[in-house]
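Take a look at the structure below.
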Amino acid sequence: MEQRNSLDPVPWWVPQRGHALRHAGIHFDAVRMIGVLGEQVAYEVMQFTNFDAGPIVRSRIGVRSMYFLVPPLTARGCRWPAGAEAMTRHGSGVAFIGVPALEGSTWPLDWRSRPTALTPFVDVKLLRELTEEVVTREAGATASSRAE
């Protein structure tokens, strides 16, 4: 498949409508974070990159999750803190990630940050560093609230 013609080409693995399941480790690896951690890390990554973070998929069903799409074969090379799960082709089984179209009805998935020609993936090193900072900050806040 080819990229669609537009001012800002979209990776071919992004469906034209609805959403599609894509095999992690082929087109991208993913790092999944559930709940508040995912929301906070997405916010931090977007702030740090001036809102050009690369693809972040938000799932709004069940436990709300964020999927940070990173280059293939990169997520497994990082040591992720508790609450962040690397989803790759190898390891504890096959992982499929839901990818929404850029336009139209895609519920229960949507883009928190879209892929662009300049930023086709989230920077895996930046994601790991910011995730570590958020987890450490939250652990410190929890510890100080217990001490009070």
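All residue numbers in this chain count up from 1 along the given sequence. Because only heavy atoms are used, hydrogens play no part in the values below, and waters and symmetry mates are left out as well, while side chains stay in.
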By ring-ring contact (aromatic ring centres under 6.0 Å, His included), F68 pairs with (sequence neighbours left out) none
So CZ of R79 and CD of E132: to nearest 0.5 Å the spacing works out to 8.5 Å
ring-ring contact (aromatic ring centres under 6.0 Å, His included) filter on F48, not counting sequence neighbours, yields none
query = Less than 4.5 Å apart, any side-chain heavy atom of H27 and any of H23?
reply = no
- Heavy-atom count around Y43 OH within 6.0 Å, excluding the residue itself: above 12? no
The salt bridge (charged side-chain N to carboxylate O under 4.0 Å, His left out) partners of R60 (sequence neighbours excluded) come to D110
V14 side chain reached by P115 side chain, heavy atoms, under 4.5 Å
yes
Across all chains, not counting sequence neighbours, the side chain to side chain donor-acceptor pair (under 3.5 Å) partners of T119 are D52
Q | 4.5 Å side-chain heavy-atom contact, V31 and Y67 | A | no
Problem set entry | Min side-chain heavy-atom separation F28-V99 under 4.5 Å | yes
Is it true that a side-chain atom of W80 and a backbone atom of A75 form a donor plus acceptor pair closer than 3.5 Å?
-> yes
CZ (R64) and CD1 (I34) are apart, to the nearest 0.5 Å, by 13.5 Å
Taken to the nearest 0.5 Å, the spacing of L127 CG from F121 CZ works out to 13.5 Å
R114 meets the salt bridge (charged side-chain N to carboxylate O under 4.0 Å, His left out) criterion, sequence neighbours left out, with E103
Report task. Indicate yes or no: at least one non-hydrogen side-chain atom of V134 is less than 4.5 angstrom from one of M33. Result -> no
One should read off an interatomic distance between D123 CG and L130 CG, to the nearest 0.5 angstrom, of 9.5 Å
Residues passing the side-chain contact (heavy atoms from CB on, under 4.5 Å) test with E39, sequence neighbours excluded, are R58, M66, R112
The reported gap from CD in Q16 to CG in L102 (rounded to nearest 0.5 angstrom) is 10.0 Å
